[in-house]
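Everything numeric in this text was worked out from a predicted model, so none of it was measured. Here is the naming used below: chain letters follow the sequence lines, and residue numbers restart at 1 for every chain.
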Amino acid sequence: MSAPVADLYQEVQQFYADQMRLLDDGAVAEWAQTFTEDGVFAANAHPEPIRGRVAIEAGARAAAEELARTGVRRRHWLGMVSVRPGTDDSSLAVDSYALVIATPRDGKPTLHASTSCVDDLVRDGDGWLVRHRRVTRDDLA
Amino acid sequence: MSAPVADLYQEVQQFYADQMRLLDDGAVAEWAQTFTEDGVFAANAHPEPIRGRVAIEAGARAAAEELARTGVRRRHWLGMVSVRPGTDDSSLAVDSYALVIATPRDGKPTLHASTSCVDDLVRDGDGWLVRHRRVTRDDLA
Amino acid sequence: MSAPVADLYQEVQQFYADQMRLLDDGAVAEWAQTFTEDGVFAANAHPEPIRGRVAIEAGARAAAEELARTGVRRRHWLGMVSVRPGTDDSSLAVDSYALVIATPRDGKPTLHASTSCVDDLVRDGDGWLVRHRRVTRDDLA
């Protein structure tokens, strides 16, 4: 990767760590704010892409409430991050793998899903926002 | 994160890689040296925090001997690292996720535990030491 | 780690992300190109080390075909990366942990293997190549 992009690698890693922690902690409004206003979340597990922060927050809220109801803790692990220049000067194309770990109260953790993720990230001040995310679950691929 | 802290991100990742390898390799005396002399290891799986290197080493030794006796290999994976300025100029506040993978001899690996970890790291020469660690197991949270 | 080596940490992480994605995507010719011409892949799961790109590609191709036939998706996760100066100025000694996650079509992911990995990486233009890799599966160790 080119040097300027290499400098951003740890920044992207920290962005993902913070973003996923918001989701896993049920902070769904703050999670939605890590997407652009018109951000798109596409997944092969969904019939249609989810479009915009409002819909992204609503989807995350429904999932968080279901987890709270059933007493299951989910953690999203992103790893194997590969950062490349994006389609314009202020964006990055990032490939990653993502695992979802589920732990029931008083139970053993299991691998809920193994996925790959392709992000289009855009600059937002000194941070980043997701403009487009595509998640591909391995079991459905 | 601010730029000076961003520079430390990879340093923290390598610190964790080296620290966990010591534990997983049964090098419990060297593991204890990665905490400050009065370092604290608190966990929701323990009734009381473990205080000081001597006690941290003793706890790790007991666990290592039990694993050796039963022929189980454990690996601690830290990931989703988020680094922030600490409570003073020479410290860092670090959030992470940690998985414990257990593999019996001639058997399949399993997820032994899914946890989150909050560290207070302090400068020690050109490296780091853990002054305070709090580990929260998801199944007990 | 010394400062010049620290600068390479994120470069090594990205190299592994890209290298493993090639393998997991079945791009076995490109995967073999991430080793030196005379690269060695040694593993405690193999009776003998695999020597040279041609043999490395052949081994990966056989494994990829078997996975395609059975409809299983494998992902190799490297983590807990520790980078040190290598045996000469243009090489790095890298320790890591590696997990293999296997997901059958329409099934749940499982931990196929937990391993540790020791690499001798050498400079190749602005990238890296594996000159020697030794993988130790925890269940056979």
Side-chain angles (χ1 to χ4, degrees), chain A residues 1-17 20 43-45 72 74-86 92-104 107-119 121 134-141, chain C residues 1 4-27 30-31 34 64 67-68 70-81 83 96-114 117 123-128:
Chain A
M1 57 185 161
S2 65
V5 172
D7 291 340
L8 302 171
Y9 194 86
Q10 60 203 26
E11 216 178 291
V12 169
Q13 288 185 307
Q14 170 123 357
F15 170 71
Y16 283 141
M20 292 302 157
N44 67 341
V72 172
R74 268 199 201 160
R75 292 197 186 277
H76 290 76
W77 281 68
L78 262 79
M80 304 306 281
V81 171
S82 180
V83 177
R84 282 171 223 289
L92 295 174
V94 186
D95 288 294
S96 63
Y97 288 178
L99 288 176
V100 186
I101 314 282
T103 309
K108 278 287 173 193
T110 58
L111 290 176
H112 177 73
S114 169
T115 74
S116 60
C117 180
V118 182
D119 273 356
L121 301 185
R134 190 176 73 244
V135 176
T136 304
R137 254 175 54 179
D138 289 340
D139 56 331
L140 307 176
Chain C
M1 56 184 161
V5 173
D7 291 340
L8 302 171
Y9 193 86
Q10 61 204 23
E11 215 178 291
V12 170
Q13 288 185 307
Q14 171 124 357
F15 170 72
Y16 283 141
D18 292 337
Q19 192 199 31
M20 292 304 157
R21 194 168 275 106
L22 289 175
L23 180 62
D24 295 339
D25 286 348
E30 294 82 351
W31 150 263
T34 64
L67 291 171
T70 54
V72 172
R73 190 68 153 97
R74 269 200 201 160
R75 292 196 188 277
H76 290 75
W77 281 67
L78 262 79
M80 305 304 281
V81 172
V83 177
S96 63
Y97 288 179
L99 287 176
V100 186
I101 314 282
T103 308
R105 200 165 292 139
D106 300 318
K108 279 287 175 192
T110 58
L111 291 176
H112 177 73
S114 169
C117 180
R123 260 289 170 217
D124 177 64
D126 58 0
W128 295 94

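Applying side chain to side chain contact (heavy atoms under 4.5 Å, CB included) to A:D138 and the options C:V72, C:D24, C:T103 leaves one that passes, C:T103.
Of all heavy-atom pairs between C:T110 and A:L111, the closest is C-CD1, 3.8 Å. Shortest non-hydrogen contact noted between A:V81 and C:A17 is O-CB, 3.3 Å. When every heavy atom of A:S114 is checked against every heavy atom of C:R75, the shortest pair comes out as OG-CD, 3.8 Å. The two residues C:L78 and A:M80 make their nearest non-hydrogen contact at N-SD, 3.2 Å.
The backbone N or O of A:H112 sits less than 3.5 Å from a side-chain atom of C:K108, completing a donor-acceptor pair. Of the possible polar contacts, none joining the A:Q10 side chain to the C:Q10 backbone as a donor-acceptor pair under 3.5 Å is found.
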Problem set entry | Steps toward side chain to side chain contact (heavy atoms under 4.5 Å, CB included) verdict (A:R84, C:Q14) | CA-CA 10 Å; A:R84 282 171 223 289; C:Q14 171 124 357; 4.2 Å; yes

Problem set entry | From CA spacing to verdict: side chain to side chain contact (heavy atoms under 4.5 Å, CB included), C:R21, A:Y97 | CA-CA 9 Å; C:R21 194 168 275 106; A:Y97 288 178; 3.8 Å; yes

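Of the two parts of A:S116, the backbone and the side chain both hold a non-hydrogen atom closer than 4.5 Å to a non-hydrogen atom of chain C.
For CZ of C:R123, the number of neighbouring non-hydrogen atoms (other residues, nucleotides, ligands) closer than 6.0 Å is greater than 12.
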